[in-house]
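Report on one structure; see the data block that follows.
Every value quoted in this text rests on a predicted model; they were computed, and no experiment measured them. Letters A, B, ... mirror the listed sequences (proteins, then strands); counts begin at 1.
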Protein chains: 2
Amino acid sequence: MNNKEKLRNAGLRPTKQRMIVADILLNGFNRHFTAENLQDEINSSGNSMSIATVYNCLKKFKNCGLIKQVETSKDTAIFDTNTDYHHHFLNEETGELIDIENEEISLHKIPEIPQGYLNNGIEVIIKLKRHN
Amino acid sequence: MNNKEKLRNAGLRPTKQRMIVADILLNGFNRHFTAENLQDEINSSGNSMSIATVYNCLKKFKNCGLIKQVETSKDTAIFDTNTDYHHHFLNEETGELIDIENEEISLHKIPEIPQGYLNNGIEVIIKLKRHN
DNA sequence: AAGTAGTTTAGAACGGTTTTAAAGTAAAAA
DNA sequence: TTTTTACTTTAAAACCGTTCTAAACTACTT
């Protein structure tokens with residue numbers, strides 16, 4: 001399926017800007033990135049885009065499930081093109097994230113979900129510290 | 001051990017402001033809170049404190065291990081007086097956190113830690129969605 | 001009591017993100 | 001087609017949580 005179809009299937013109009021973003025993000029290679037990272041990449045690809053559009057686009061992509069946002073307490077939002085159920089190593093000093101495939105972790109026991117709620121996904125973060 | 005001793009043991013001068021914060025936070029009842037929550041609570045206890053001091057104080061408390069900061073992608077930093085190794089339920093709509101005791105989760109298998117790094121703690125987040 | 005190192009403060013600055021409102025564009029209707 | 005309509009993009013301003021600045025203050029040491 002090409003990117004235009006991916007956008008349409010997700011219910012998004014395939015505008016010029018969204019196609020530029022899709023071409024960068026939805027190429028089969030997974031990555032973690034910030035809004036600023038993405039804008040830089042757009043610029044160095046010879047295109048340009050308002051930062052507001054970058055954010056709008058990321059929000060739409062996220063709501064459609066085309067990308068994910070990672071849970072970290074960093075001050076900048078980090079996005080992930082890997083939308084599969086998976087986990088992360090987090091280098092707390094640098095903020096760097098490394099994917100952990102779902103199969104590499106097994107949760108043996110989980111607590112009862114509170115009344116009135118559903119389990120909407122589990123994220124495991126293994127914090128890393130440089131070894132000296 | 002009283003709060004003055006706790007601060008001294010942590011290597012912090014027990015200033016008037018830090019004692020006010022310690023009296024609120026280190027009373028044996030665990031809670032999650034933001035800097036703003038804390039300032040409100042200080043105000044309604046008849047005291048007052050500059051927001052800069054609230055942040056300074058939280059940073060010092062955190063660096064000394066008197067409190068923790070929780071990993072969430074919320075735009076506001078969330079702190080936790082529970083410094084024991086534990087996990088969280090996260091209501092993504094409201095940002096509300098609920099503690100999960102360490103014993104309530106068992107991680108059966110974890111991946112190999114990347115070369116040059118040490119495992120510096122694992123955080124499990126179970127995201128919740130309201131059940132309709 | 002005097003000195004000094006650390007702390008608090010108001011207000012400014014900062015940085016990531018969102019809003020605004022006007023111009024532009026894609027899709028639907030005529 | 002052309003027109004209409006709804007959606008999108010944009011630069012710039014606003015926003016908001018957090019940090020910085022530098023002057024006043026305070027806890028501790030001498």
Any carboxylate oxygen within less than 4.0 angstrom of a Lys/Arg side-chain nitrogen, looking at [X] and [Y]?
X: A:Lys127; Y: B:Glu123; result: yes
X: B:Glu41; Y: B:Arg31; result: yes
X: B:Glu96; Y: B:Lys74; result: no

Practice prompt. Select base, sugar-phosphate, or nothing to describe what B:Lys60 touches, counting heavy atoms under 4.0 Å on all strands.
Written response: sugar-phosphate
Worksheet item: What does B:Thr53 touch in the nucleic acid at a heavy-atom separation under 4.0 angstrom: a base, only the sugar-phosphate, or nothing?
Response: base
Practice prompt. For this output row, return yes or no: ring centroids of B:His87 and B:Tyr85 closer than 6.0 angstrom.
Written response: yes
Compare the minimum distances between each of [options] and the side chain of [X], then state the nucleotide with the smallest one.
X: A:Thr76; options: C:dT17, C:dT8, D:dT9; result: C:dT17
X: A:Tyr55; options: C:dT7, C:dT17, D:dT10; result: C:dT17
X: A:Glu36; options: C:dG16, D:dT18, D:dA11; result: C:dG16
X: B:Thr15; options: C:dA27, C:dT8, D:dA12; result: C:dT8

How close or far is atom [atom2] of [N] from atom [atom1] of [X], stated in whole angstroms?
X: A:Asp75; N: D:dC16; atom1: CG; atom2: P; answer: 18 Å
X: A:Asn56; N: C:dG24; atom1: CG; atom2: P; answer: 18 Å
X: A:Leu7; N: D:dT8; atom1: CG; atom2: C1'; answer: 13 Å
X: B:Leu12; N: D:dC28; atom1: CG; atom2: P; answer: 12 Å
X: B:Met19; N: D:dA27; atom1: CE; atom2: P; answer: 12 Å
X: A:Phe33; N: C:dT17; atom1: CZ; atom2: C1'; answer: 15 Å
X: B:Arg18; N: C:dT7; atom1: CZ; atom2: C1'; answer: 7 Å
X: A:Lys74; N: C:dG15; atom1: NZ; atom2: C1'; answer: 13 Å

Worksheet entry | Shortest non-hydrogen contact between B:Thr76 and B:Thr34, atoms and distance | CG2-CG2, 3.7 Å
Worksheet entry | Given DNA chain D, 5'-ward residue of the pair B:Thr34 and A:Val54, judged by closest heavy atom | A:Val54
Worksheet item: For B:Gln69 and B:Arg13, take the nucleotide of DNA chain D holding the closest heavy atom to each; which residue's nucleotide lies nearer the 5' end?
Response: B:Gln69
Does the side chain of [X] get closer than 4.0 angstrom to OP1 or OP2 of [N] through an N or O atom?
X: A:Arg8; N: C:dA27; value: yes
X: A:Lys16; N: D:dT8; value: no
X: B:Gln17; N: D:dT26; value: no

